[in-house]
Enquirer: 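One structure, as structure tokens, below. Some questions next.
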Amino acid sequence: MVSKLSTLFLRTLREDPVDAEVASHKLLVRAGYIRRAAPGIYTWLPLGLKVLARVEAIVREEMNAIGAQEVHFPALLPREPYETTNRWTEYGEGLFRLKDRKDADYLLAPTHEEMFTLLVKDLYNSYKDLPVYLYQIQNKYRDEARPRAGLLRGREFIMKDSYSFNIDDAGLDEAYYAHRGAYLKIFERLGLEVVPVFAQAGAMGGSKSEEFLHPTAIGEDTFVRSPGGYAANVEAVTTVVPEDIDYANAPAFEVLDTPDTPTIDTLVAAANEIRPLEDGQWAAEDTLKNVVLAVIDPAGERHLVVLGVPGNRQVDLKRVEATIGTALEIGGEVQVEAATAEDLKNYPQIVTGYLGPALGLDNVLLGTESVTGIPYLVDPRVVSGTTWITGANEAGKHVFGLVAGRDFGWDGTIECVNVLEGDPAPDGSGPLRTERGIEMGHIFQLGRKYAEALDLKVLDSNGKLQVVTMGSYGVGVTRAVAALAEAYHDEKGLSWPAQVAPADVHVVVTGKGPELLEAAEKLATDFEAAGLEVLLDDRPKLSAGVKFSDAELIGVPKIVVVGRGLADGLVEVKDRATGERKDVAVDQVVAEVSGS
RNA sequence: CGGGCUAUGGCGCAGCUUGGUAGCGCGCCUGACUGGGGGUCAGGAGGUCGCAGGUUCAAAUCCUGUUAGCCCGACCA
């Protein structure tokens with residue numbers, strides 16, 4: 001097909017839109033691929049739609065290749081199925097809800113687990129019908145607190161979501177790995193580097209889960225990888241627990257004046273001044289910071305807990321939320337936040353900024369058996385025999401040389417802090433380094449949670465009802481477009497890989513004279529006949545510079561210039577990505593472009 | 001949810017302190033010149049200044065309220 005720029009619905013912008021921060025957002029708007037309709041909601045223009053269609057085609061082919069079948073659900077759904085699985089409530093403010101004229105509740109679907117489950121329940125009832133893999137490519141709606149970065153995190157976005165239905169766990173495994181393989185192929189074909197990383201499966205109730213992250217500095221997810229090939233989301237990394245240390249010869253602790261040291265930095269500086277080490281310097285990791293958190297149970301009740309973690313680490317509230325409920329024996333979904341002054345008003349012993357667990361076992365402040373009774377959990381690195389600088393529970397004083405196990409105890413350990421560059425990989429494959437990535441896909445073994453909630457059962461070979469086991473698998477399609485724009489651009493504009501570009505060749509006419517335009521139009525038709533998608537810049541009276549700049553901004557991989565060389569039977573072929581250009585005889589151009 | 005900033009033609013911005021009826025660049029339209037890197041000149045079209053209320057003879061400008069957007073944060077012992 002030939003699209004003529006003289007009539008194509010397109011307007012390129014010379015300046016970056018003011019609300020765009022990242023390159024993909026700026027360039028997709030400037031080059032006329034998308035327009036913002038509302039925060040996190042975008043309109044697709046002709047060029048953008050072509051890229052989107054090509055990405056979708058690749059996704060479809062690979063899904064079909066593993067035997068998945070395409071269906072299409074409405075995005076507008078009734079409340080009821082989501083009520084059954086409790087997600088109407090659990091999804092909270094992230095869900096777009098609306099009412100019809102009879103005041104009945106509807107929602108714009110954030111994902112479709114319920115609907116797929118019900119559809120299979122509707123049509124199938126025998127183990128002989130399984131396995132079945134179903135997918136759709138469809139709009140999803142999530143009322144993000146902070147949509148950002150254009151297409152990267154939108155409130156309306158296109159996702160390929162698929163679901164597998166199996167009679168047993170072995171089948172689920174097979175479905176999972178089939179999808180895993182398909183995803184690796186999809187991203188390879190798209191030209192998007194991805195790293196499969198272990199993810200936390202807990203929240204969705206499943207057992208096995210991996211995210212496919214595209215490494216990039218603007219990514220919103222942080223993950224770690226080791227030289228030996230370990231890769232995990234930071235929330236899923238487990239700590240390598242050090243060996244206990246013999247403290248038989250450890251000196252007694254001492255309490256020292258450390259005025260004006262409310263933060264770890266000031267404390268470390270003070271420590272190096274008043275009690276310098278013979279070899280080296282005190283560092284943040286020699287301190288034990290004690291963070292008071294409030295855990296809010298489903299009934300809204302607030303439970304205090306103190307976490308003791310090395311001073312160079314940050315408590316990650318998400319990690320805490322995932323596990324603290326179990327640790328404190330609180331059922332249901334909990335929320336965690338920093339304790340407020342109100343929370344602490346009944347604990348005059350707690351001196352903010354100078355909190356410590358104990359000054360010897362006969363003077364214990366924290367822990368379920370202590371005077372405060374506040375549970376005290378520690379990072380797994382706090383093992384018996386480690387020594388710490390920590391608060392002495394008196395303003396302006398810290399205790400030095402407090403030995404874990406000798407001078408203080410704890411109620412349990414918890415994975416609650418961030419991973420740091422250089423931490424060992426849990427599988428012994430070397431030191432971890434942190435990287436940022438965009439989540440391009442996610443695969444989950446859901447297990448029987450949804451099937452049970454929605455009563456999806458089939459008869460097995462013994463004529464008994466069995467609950468079906470499920471997997472769910474997603475690819476962010478619009479996000480892939482953004483990630484590709486992010487990965488393939490330079491200072492002049494976009495530079496698409498051939499397989500997703502909005503066209504295969506961009507023909508530019510420069511100079512005046514009807515013979516130039518005629519030659520270009522003929523060339524465009526020839527390209528079309530050779531099976532190529534063509535963009536023809538036939539806009540009259542525009543200077544060559546404007547057309548060249550637009551061609552580079554739009555980013556079609558091959559640019560053919562019909563201009564001053566035509567008198568000698570030559571046109572220029574430019575490679576958008578490499579910048580390489582050469583003169584080619586007019587009758588050789590089609591072969592040159594389609595052959596390379 | 002907290003903090004900061006912003007809201008003026010399609011895009012990017014000035015004007016606001018000190019009220020007087022809106023301006024610049026890009027883009028768009030007409031014509032001429034130019035014709036291989038966002039060219040030049042001349043002439044045009046296009047804005048109830050986010051919304052509501054108030055003060056005033058007069059409000060983009062001052063006051064009150066409200067809505068929306070963008071960025072940052074959402075634990076610091």
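On a predicted model such as this, the values are computed, not experimentally measured, just so you know. Chain letters run A, B, ... following the sequence lines, proteins first, then strands; residues in each count from 1.
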Enquirer: Going by the rule side-chain hydrogen bond (donor to acceptor under 3.5 Å, both in side chains), which residues pair with K512(A) if we only count those two or more places apart in sequence or in a different chain?
Expert: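 Per chain and number, K512(A) pairs via side-chain hydrogen bond (donor to acceptor under 3.5 Å, both in side chains) with no residue.
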
Enquirer: Do S6(A) and R539(A) pair up side chain to side chain, a donor and an acceptor below 3.5 Å, judged on atom types alone?
Expert: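 Checked: S6(A)/R539(A) side chains show no N/O donor-acceptor pair below 3.5 Å.
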
Enquirer: Side chain of K289(A) only, heavy atoms from C-beta on: which candidate in C76(B), G36(B), G12(B) is closest?
Expert: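 It is C76(B).
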
Enquirer: For G25(B) versus G38(B), give the span between their C1' atoms, rounded off to a whole number of Å.
Expert: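 Each nucleotide's C1' atom is 14 Å from the other's.
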
Enquirer: Under 3.5 Å, is there any donor-acceptor pair linking the side chain of Q314(A) to the base of C76(B)?
Expert: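 Counting by modelled atom types and ignoring angles, a donor-acceptor contact under 3.5 Å is found here.
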
Enquirer: Out of C70(B), G37(B), C11(B), which has the shortest distance to the side chain of R35(A)?
Expert: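 Nearest to the side chain of R35(A) among the choices is C11(B).
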
Enquirer: What is the distance, rounded to the nearest whole Å, between atom CG of L566(A) and atom C1' of G36(B)?
Expert: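 To the nearest whole Å, that distance equals 14 Å.
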
Enquirer: Does K541(A) reach a base, just sugar-phosphate, or nothing at all? Heavy atoms under 4.0 Å.
Expert: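 Base: the residue K541(A), judged by heavy atoms under 4.0 Å, touches a nucleobase.
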
Enquirer: Would you say the side chains of S495(A) and D490(A) form a donor-acceptor pair under 3.5 Å?
Expert: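 Per modelled atom types, S495(A) and D490(A) side chains form no pair under 3.5 Å.
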
Enquirer: List in chain and number order the residues that pass side chain to side chain contact (heavy atoms under 4.5 Å, CB included) with I41(A), two or more places apart in sequence or in another chain; answer none if no residue qualifies.
Expert: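 I41(A) satisfies side chain to side chain contact (heavy atoms under 4.5 Å, CB included) with A37(A), A38(A), R155(A), E156(A) only.
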
Enquirer: Between C1' on A74(B) and CD1 on I296(A), what's the gap in Å once rounded to a whole number?
Expert: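 The answer, rounded to whole Å, is 13 Å.
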
Enquirer: Tell me the interatomic distance from R302(A), atom CZ, to C75(B), atom P, rounded to whole angstroms.
Expert: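 Rounded to whole Å, this separation is 13 Å.
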
Enquirer: With rounding to the closest Å, how many angstrom separate the C1' atoms on A68(B) and C51(B)?
Expert: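 To the nearest whole Å, 10 Å.
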
Enquirer: In whole Å, I'd like the distance from the CG atom of D316(A) to the P atom of C76(B).
Expert: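 In whole Å, C76(B) P and D316(A) CG are 14 Å from each other.
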
Enquirer: What contact category does V561(A) fall into here, base, sugar-phosphate, or nothing, at under 4.0 angstrom with non-hydrogen atoms?
Expert: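 Base, at least one base heavy atom under 4.0 Å.
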
Enquirer: Tell me what G563(A) touches on the nucleic acid: a base, only sugar-phosphate, or nothing, going by heavy atoms under 4.0 Å.
Expert: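 Base, at least one base heavy atom under 4.0 Å.
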
Enquirer: Report the secondary structure of RNA chain B in dot-bracket form, marking unpaired bases with a dot and bases paired to a different strand with |, and treating Watson-Crick or G-U pairs with both distances under 3.5 Å as paired.
Expert: ((((((((.[[[[.)....(..]]]].((((((.....)))))).....[[[[[..)....]]]]])))))))....

Enquirer: If a protein heavy atom is under 4.0 Å from the base, mark B; if only from the sugar-phosphate, S; if neither, -; do that for nucleotides 24-29 of chain B going 5' to 3'.
Expert: -BSS--

Enquirer: Could you measure between the two P atoms, the one in C28(B) and the one in C5(B), and give it in whole Å?
Expert: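 Straight-line distance between the two P atoms is 37 Å.
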
Enquirer: What residue pairs, at least two apart or across chains, pass ring pair (Phe, Tyr, Trp, His ring centres under 6.0 Å) with a residue in residues 396-418 of chain A?
Expert: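 Matches after skipping sequence neighbours: Y354(A)-H398(A), F408(A)-W410(A).
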
Enquirer: Give me each pair satisfying salt bridge (Lys or Arg N to Asp or Glu O under 4.0 Å) with a member in residues 370-399 of chain A, each pair once, sequence neighbours excluded.
Expert: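 Checked against salt bridge (Lys or Arg N to Asp or Glu O under 4.0 Å) - neighbours excluded - the pairs reaching residues 370-399 of chain A are D257(A)-K397(A), D379(A)-R381(A), R381(A)-D423(A).
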
Enquirer: Taking the same atom, P, in A45(B) and in C24(B), what whole-Å distance lies between them?
Expert: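 These two P atoms come out 13 Å apart once rounded.
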
Enquirer: What integer distance in Å separates I41(A):CD1 from G69(B):C1'?
Expert: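 Atom CD1 in I41(A) sits about 13 Å away from atom C1' in G69(B).
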
Enquirer: Measure CG/D379(A) against P/C75(B) and give the value in whole Å, please.
Expert: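 Between P of C75(B) and CG of D379(A): 19 Å.
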
Enquirer: Taking A58(B) as the reference, what is the distance to U21(B) when you measure between their P atoms (whole Å, please)?
Expert: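 Comparing P positions in U21(B) and A58(B) gives a spacing of 15 Å.
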
Enquirer: When you compare G20(B) with C49(B), how far apart are their P atoms, in angstrom units rounded to a whole number?
Expert: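 Those two atoms are separated by 15 Å.
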
